[in-house]
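Every heavy atom of this structure was used, including side-chain atoms; hydrogens, water molecules and symmetry mates were not. For this chain, numbers begin at 1 and follow the sequence in order.
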Amino acid sequence: MALITYLVEDNQTILENLIETLTEIAMVEVVGHAATEAEATRWLSVHDGHWQLAVVDMFLQEGSGLGVLAGCRQREPYQKVVVLTNYATAAIRERSLALGADAVFDKSNELDEFFAYCIAETTKNQAAPDACVTDTVDSEIHRNNGSGPSLLDVERS
């Protein structure tokens, strides 16, 4: 069973590479993505209970990953939120963890650890599927429900 994943990333190239790599090696199903804090917070809230992993960049086209983290504080225990950023300083790590991030990874030198984390979450999901999402993920989520850009709509600013 694939890990239902939402990505918050404003860089088109990184987004495409994440989708491809996560799908291939970690058996995730990316059900949507956002490039801004408002889009991400809205999607995660509307689809509360329908996702298992959110991967959040810190610096976005508008707003920040810190705001996304704050919006996810009341999630279910099976829902994990990780930060994947180029700016994983000690201060960012501390603030992210304080806002409820389950882990923080640096894009420049901790990708192996990030992918290992995702694989471990997928393995947990496969071992205990009833402990995770109980509702069926409907086709609206697969279409991103219009609340965020498609891969073709994301533009670099």
Which side-chain N or O atoms in residues 70-77 pair as donor and acceptor under 3.5 Å with protein atoms at least two apart or in another chain?
| residue | atom | partner | partner atom | Å |
| --- | --- | --- | --- | --- |
| R73 | NH2 | A98 | O | 3.1 |
| R75 | NE | Q79 | O | 2.8 |
| R75 | NH1 | C72 | O | 3.0 |
| R75 | NH2 | G100 | O | 2.5 |
| R75 | NH2 | D102 | OD2 | 2.9 |

Evaluate V82 against F114 for side chain to side chain contact (heavy atoms under 4.5 Å, CB included), listing each step before the verdict. CA-CA 9 Å; V82 299; F114 166 71; 3.8 Å; yes
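- Surrounding OH of Y87 are at most 12 heavy atoms belonging to other residues, nucleotides or ligands under 6.0 Å away.
- Side-chain contact between F105 and V55: absent, with no pair of heavy atoms (C-beta onward) separated by less than 4.5 Å.
- Using modelled atom types, one side-chain atom of Q52 and one backbone atom of I4 make a donor-acceptor pair closer than 3.5 Å.
- At least one donor-acceptor pair under 3.5 Å links the side chain of Y78 to the backbone N or O of G49.
- Panel note: side chain N125, backbone E121; no donor-acceptor pair is recorded below 3.5 Å.
- Side-chain contact between V8 and L60 is present, with heavy atoms from C-beta onward closer than 4.5 Å.
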Would H33 and L15 satisfy side chain to side chain contact (heavy atoms under 4.5 Å, CB included), going step by step from the backbone distance to the final call? CA-CA 8 Å; H33 60 87; L15 178 66; 3.6 Å; yes
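- Side-chain contact check for T21 and E24: no donor-acceptor pair (N or O, by modelled atom type) lies under 3.5 Å.
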Given L111 and D106, is the side chain to side chain contact (heavy atoms under 4.5 Å, CB included) satisfied, shown in steps? CA-CA 7 Å; L111 284 176; D106 191 314; over 6 Å; no
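- Atom OG1 of residue T5 and atom CG of residue L53 lie 4.5 Å apart, to the nearest 0.5 angstrom.
- Contact detail for G67 and T41: the closest heavy-atom pair is O-OG1, 4.1 Å.
- Looking at T122, its side chain does come within 3.5 Å of a backbone N or O of A26 through a donor-acceptor pair.
- The CG atom of L22 sits 12.5 Å away from atom CD of E29, with the distance rounded to the nearest 0.5 Å.
- A donor-acceptor contact shorter than 3.5 Å is absent between the side chain of E94 and the backbone of A90.
- In terms of heavy-atom proximity, A54 sits nearest to L44 at CB-CD2, 4.2 Å.
- Although no hydrogens or angles enter the test, the distance criterion places a donor-acceptor pair under 3.5 Å between the side chain of T89 and the main chain of I92.
- Shortest non-hydrogen contact noted between D10 and A35 is CB-O, 3.7 Å.
- If you look at W51 and H47, their ring centroids are not closer than 6.0 Å.
- Smallest separation of non-hydrogen atoms from C118 and L3: O-CD2, 4.1 Å.
- A distance-only check finds a donor-acceptor pair linking the side chain of T23 to the backbone of I19 [under 3.5 Å].
- Listed by first and then second residue, the salt bridge (Lys or Arg N to Asp or Glu O under 4.0 Å) pairs involving residues 107-119 are E9-K107, D57-K107, R93-E110 (not counting sequence neighbours).
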Working note: L97 + V104, criterion side chain to side chain contact (heavy atoms under 4.5 Å, CB included); need CA distance, chi angles, decisive distance, verdict. CA-CA 8 Å; L97 294 171; V104 180; 4.3 Å; yes
Would T36 and E39 satisfy side chain to side chain donor-acceptor pair (under 3.5 Å), going step by step from the backbone distance to the final call? CA-CA 5 Å; T36 70; E39 290 171 322; 3.2 Å; yes
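- For the pair Y117 and A103, the tightest heavy-atom approach, listed with the atom from each and the gap, is CE1-CB, 4.2 Å.
- Taking S64 as the reference, E37, L66 meet the side chain to side chain contact (heavy atoms under 4.5 Å, CB included) condition, with sequence neighbours excluded.
- Paired with L84 under the rule side chain to side chain contact (heavy atoms under 4.5 Å, CB included), one option of L18, I14, V56 passes, and it is L18.
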